[in-house]
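If you're wondering where the values come from, they're calculated on a predicted model, not measured in any experiment. Computation of the quantities below employed the complete heavy-atom set of this structure, encompassing side-chain atoms and omitting hydrogens, waters and symmetry-equivalent molecules.
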Amino acid sequence: MAHEYKAAEIGQCLNHSRVLYIGDSIMREQFYSMNRLTHSFDIKGPLHIDRKYKSEEYGMVYEFWWDPYLNSTRTIDLFNGNDTTGDPPSLLVVGSGIWFARRLSPETYLDEWKTATDRVFHAAENDPSLADALMLSPVEIPQFNRLNDVRQKLITIDKINTMNDYLHQRAKRVQPKVPFAVAFTWNKIATSTIDMTADGLHYNPKVTTPQAMMALNFRCNQQLDKHFPINTTCCIHYPIPAWYQLIVFGFFLLWIPLAFAFVKTSRSMLGRWFPSDEKVLTANFIMGLGVLYMYLGDRTQLFGKMHKLFDVSTFSLQMALMVGGGLVSLYYQSDADDLGLLNRGQTDEWKGWMQLVILIYHFTGASGTPGIYNAVRSLVAAYLFQTGYGHFYFFYKKKDFGLKRVLSVMIRLNLLTFILMYVMNTDYISYYFTPLVSLWFLVIWIVMFLGHDYNDRAWFLLGKMAIACALTTAMIHIPGLLEFVFDLADLVANVHWNAAEWRFRLALDAYIVYIGMLFAWLTIVYKDKQWGDRFVFKAAHYAYFPVGIITLIWYFWYELQQPSKAAYNQHHPYISWIPILAYIAVRNAFVLFRNTNSRLFMWVGKCSLETFIGQFHMWLAADTKGLLVVVPTDWVQSLGGGIGWWLNWALSSLIFLYICHHLAEATNTLTAWLVALWTHVPEHMNQSLPQHRNAAGGRDNQNTLVRDDAYQAVPLLPTNHKNADRDEKQSTDRGYDEHETPEDGTALLDDEDSLSLEEEMDMWQPATPSKWQRVKAIVCYDPRVKTVVFFLVMIVINNLC
């Protein structure tokens, strides 16, 4: 993937120096195109003469030496290190061949041309001061049907292939002392076009300009910053892995494999440093292999990369294949009466087909087409709608607001992104979906947590949601607020986030999460109050399907009428809920629809997060600006009819989906492992952690809520009151209240004689821990302290990176 250089970049790269072209009329046309990149000029005088132009603005000097046989005295002097014409050129481009094939006899043309060409190779191998960079042109492949009769007879494909074969052989053996390349890609550019030449020999600027640009890429790309995003892959050496990248690879690919040798010897001193569960070890290793594949694909030259080129037929065919796969894999669950609204299979299916549409949208480069872009925006909104719906439903019904739940969700959402942003040296915000859903999850959690005892009161719950909506809207739209937060993050944690981009992402879907929460609440109320039995709702049920279809048709008509993406984006935050609710109405209109799912879409939906994040580096390339090429690069162009492109698409897609599926399973395993590790408290340390009063007046240990053996829902809140109620009932049954003491003071002791072992254990109180034990327990085992320490450590690491 080439970089498109601007005039100022050319002047900066070439050090306001000299560019020299030597050769025939083909080199002359490319020389003209190189000049046009920085200035305009007039072409005057005879064709076969030297040329010299200056760009005063950028301090550049462009020279062309007319020397079709590369045998003039000054050319030979230049190659022999005796140049007296000026400073060594910043870029030297040499080309010949056509004049040899046309004007010399069949017996002599090849030897003469080899002699001239060998001078170039000899100079590259012996003179490090020849030029800052040297490029040798292959013999151009003309468009033969446009050559005149004389040229067709003398310039044959056999002659050209013979000369270019020699260049291939010679290029493999050369050991240059200056940056040197034979630009075979110029012929690929020329032969990929049709009728871009009037005489079959001299191509117009639509061909010669990309050729000149490739010369600049060869000369200048190594000077480009090798920081994210690395969207130029031609002619560069990727940066060597940094220390933190090596640590990650060392952990996954050295430490974890070594752990398999000690998994059965965990009692040894060394074995204690490894996870003891083979399932966890396997998940770590799979994660490491997946991340390594992404690194090799997008941070090395092991795989090729190519530009995206949007084509309506390609996009349509891929969409048709997706729909066909979904229809073929449909199945009806006949053993269930009614799976219900937005059942698990349906939401997985929904996420799956939306993710496939988004993947096709990215792969085909369809983002520049407003009609497609607008529809895809509604799919992203639908994901966030599901975020609001699903998490609200969980918190409302389960009433589990605990740290363990928060950790489970946040680690599941962020684990792969967290690893990639260090391995790929990117930033967190660039994987925008992960921070987006993470932020909205925290918003939902806070809304549902605050005053959760009153969540069953509609006015209170809806009031909280309205206040939260107002606050998040203010956060998004108040000028300078996000900039202040991001500047502070830059100062403290050395993270460089783009506030303008983040505001754009948040503003587009500022309200859809609240729509999802409201829909979940209405769904719960509908079920609890059995509104479905009422006549009005029974009658309305028959309208779901036609109204949903009409609404979807209206939405697509409306979005297609918008003149630009920017015009649609202004309306999107306020209308994105319309197609979502319309889809839900259509999808759930009948029991047949609710009980029917697509296995393909469900399978993709279960790894939709991994496919969204993984596409950045192992399906797309150059940080999403290009496509990864997993077949030999030459196949993409050499196989006719686009077969090479489709072959690469098919193979890379299979590899991509296979890896994402296993990454999803590995992430689930690692999430459970990390949460258990994070919240684990040894039994003997349990009483040393902070305690608080429960509703019954007793003392509860907060950490009993996150112990491995007795996890309860709400670690940040008082425990349930079952035990306290039981104790109070027992006291009442014995004839005294909880604050009275028996008259003889021995009643409790007498009762102990008749207690069972379990009851005695319940009454046993451990010794009060010392102050040091409490401090140690908090520092070592309190998950909240661990979380704070984790972020402090990451801040330090970020400042060292």
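Lys308 places a side-chain heavy atom less than 4.5 Å from the side chain of Leu627. Counting heavy atoms from C-beta on, the side chains of Val380 and Arg377 come closer than 4.5 Å. Asn148 has its side chain out of reach of Asp199: every pair of non-hydrogen atoms, C-beta onward, lies at least 4.5 Å apart. At least one side-chain heavy atom of Arg219 sits under 4.5 Å from a side-chain heavy atom of Ser90. Side-chain atoms of Met306 and Leu628, non-hydrogen and from C-beta on, never get closer than 4.5 Å to each other. Leu70 has its side chain within reach of Ile22: a pair of non-hydrogen atoms, C-beta onward, lies under 4.5 Å apart. The shortest distance between side-chain heavy atoms of Asp132 and Leu91 does not fall below 4.5 Å. Side-chain contact check for Val423 versus Met294: every heavy-atom pair is 4.5 Å or farther apart.
Residues passing the ring pair (Phe, Tyr, Trp, His ring centres under 6.0 Å) test with Tyr166, sequence neighbours excluded: Trp113. When the disulfide bond (SG atoms under 2.5 Å apart) test is applied to Cys235, no partner is found at least two apart in sequence or on another chain. Applying the side chain to side chain donor-acceptor pair (under 3.5 Å) criterion to Thr611, with sequence neighbours excluded, gives no partner residue. The ring pair (Phe, Tyr, Trp, His ring centres under 6.0 Å) test applied to Tyr295 returns Phe249, not counting sequence neighbours. Every ring pair (Phe, Tyr, Trp, His ring centres under 6.0 Å) that His3 has, sequence neighbours left out, goes to Tyr5. In this view, Thr426 and Tyr431 satisfy the side chain to side chain donor-acceptor pair (under 3.5 Å) rule, not counting sequence neighbours. In terms of the ring pair (Phe, Tyr, Trp, His ring centres under 6.0 Å) criterion, Phe252 has no residue partners (sequence neighbours excluded). For the side chain to side chain donor-acceptor pair (under 3.5 Å) test, no residue two or more places apart in sequence or in another chain qualifies with Tyr58.
Inspection of the Asn569 and Tyr373 side chains reveals an N or O donor paired with an N or O acceptor under 3.5 Å. In the model, Asp67 has a side-chain atom that pairs as donor or acceptor with a side-chain atom of Thr75 under 3.5 Å. Side-chain contact, Ser653 with Trp619: a donor N or O sits under 3.5 Å from an acceptor N or O. Checking His496 against Asn498 by side-chain atom types alone, no donor-acceptor pair falls below 3.5 Å. Of the N and O atoms on the side chains of Asp158 and Thr156, not one donor lies less than 3.5 Å from an acceptor on the other residue.
Of the possible donor and acceptor atoms, one in the side chain of Asn648 sits under 3.5 Å from a partner among the backbone N and O of Val630. Counting only distance, with no hydrogens or angles, the side chain of Arg505 and the backbone of Ile429 share no donor-acceptor pair below 3.5 Å. Remark: side-chain polar atoms of Ser96 are not paired, donor with acceptor, to backbone N or O of Tyr69 under 3.5 angstrom. Between the side chain of Asn217 and the backbone N or O of Met213 there is at least one donor-acceptor pair closer than 3.5 Å. Checked by atom type and distance alone, the side chain of Lys305 pairs as donor or acceptor with a backbone atom of Phe303 at under 3.5 Å. Under the 3.5 Å distance criterion, the side-chain polar atoms of Thr300 are matched with a main-chain donor or acceptor of Leu302. Checked by atom type and distance alone, the side chain of Lys52 never pairs as donor or acceptor with a backbone atom of Glu63 at under 3.5 Å.
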Are Arg146 and Asp195 close enough, and set up right, to give a salt bridge (charged side-chain N to carboxylate O under 4.0 Å, His left out), and what steps lead you there?
-> CA-CA 8 Å; Arg146 285 185 171 265; Asp195 295 337; 3.0 Å; yes
side-chain hydrogen bond (donor to acceptor under 3.5 Å, both in side chains) assessment of Thr117 paired with Arg170 = CA-CA 10 Å; Thr117 302; Arg170 197 68 174 82; over 6 Å; no
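Using the six-membered ring where Trp is involved, His39 and Tyr62 have ring planes that are tilted, between 30° and 60° apart. Ring pair Trp497/Tyr428 is tilted by interplanar angle, where 30° to 60° counts as tilted. Relative ring orientation between Phe41 and Tyr32 is described as tilted, the plane-to-plane angle lying within the 30° to 60° band. Ring geometry for Phe418 against Tyr422 counts as perpendicular: the plane angle is over 60°, on a 0 to 90° scale with 30° as the lower cut.
Phe612 has its ring centre less than 6.0 Å from the ring centre of Tyr432.
Screening residues 73-95 for salt bridge (Lys or Arg N to Asp or Glu O under 4.0 Å), with sequence neighbours left out, gives Arg18-Asp83, Asp50-Arg74. Residue pairs that meet the salt bridge (Lys or Arg N to Asp or Glu O under 4.0 Å) test with at least one member in residues 206-218, sequence neighbours left out, do not exist here. Residue pairs meeting the salt bridge (Lys or Arg N to Asp or Glu O under 4.0 Å) criterion with at least one member in residues 616-628, sequence neighbours excluded, are Arg299-Asp623.
Gln152 CD: more than 12 foreign heavy atoms inside a 6.0 Å radius. With a 6.0 Å radius and a threshold of 12 heavy atoms from other residues, nucleotides or ligands, Gln222 has its CD atom above the threshold. Atom NE2 of His48 has more than 12 neighbouring heavy atoms from other residues, nucleotides or ligands inside a 6.0 Å radius. In Tyr238, the OH atom is crowded: over 12 heavy atoms of neighbouring residues, nucleotides or ligands sit closer than 6.0 Å. The number of heavy-atom neighbours closer than 6.0 Å to CD1 of Ile157, taken from other residues, nucleotides and ligands shown, is above 12. Atom CD1 of Ile194 has 12 or fewer heavy atoms from other residues, nucleotides or ligands within 6.0 Å.
In terms of heavy-atom proximity, Asn221 sits nearest to Cys234 at ND2-O, 2.7 Å. Across Asn798 and Val495, no two heavy atoms sit closer than the pair ND2-CG1, 3.7 Å. Smallest separation of non-hydrogen atoms from Leu134 and Phe218: O-CE2, 3.6 Å. In terms of heavy-atom proximity, Ile236 sits nearest to Lys226 at CB-CE, 4.0 Å. Of all the heavy atoms in Thr197 and His202, the pair that sits closest is OG1-O, 3.0 Å. Across every non-hydrogen atom of Thr208 and Gln30, the tightest pair is O-CG, 3.9 Å.
Put simply, CG on Asn126 and CD on Gln175 are 11.0 Å apart, with the number rounded to the nearest 0.5 Å. Rounded to the nearest 0.5 angstrom, Met424 CE and Thr417 OG1 are separated by 12.5 Å.
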Return a table of donor-acceptor pairs under 3.5 angstrom between the side chains of residues 179-189 and protein atoms on other chains or two or more places apart.
unit_1	atom_1	unit_2	atom_2	d
Trp186	NE1	Gln211	O	3.0
Asn187	OD1	Ile141	N	3.2
Asn187	ND2	Val139	O	3.0
Lys188	NZ	Asp634	OD1	3.0

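When the options Trp646, Phe656, Trp645 are evaluated for a ring-ring contact (aromatic ring centres under 6.0 Å, His included) with Phe363, the one that passes is Trp645. Among Phe31, Tyr21, Trp99, the one residue that satisfies the ring-ring contact (aromatic ring centres under 6.0 Å, His included) test with Trp66 is Trp99.
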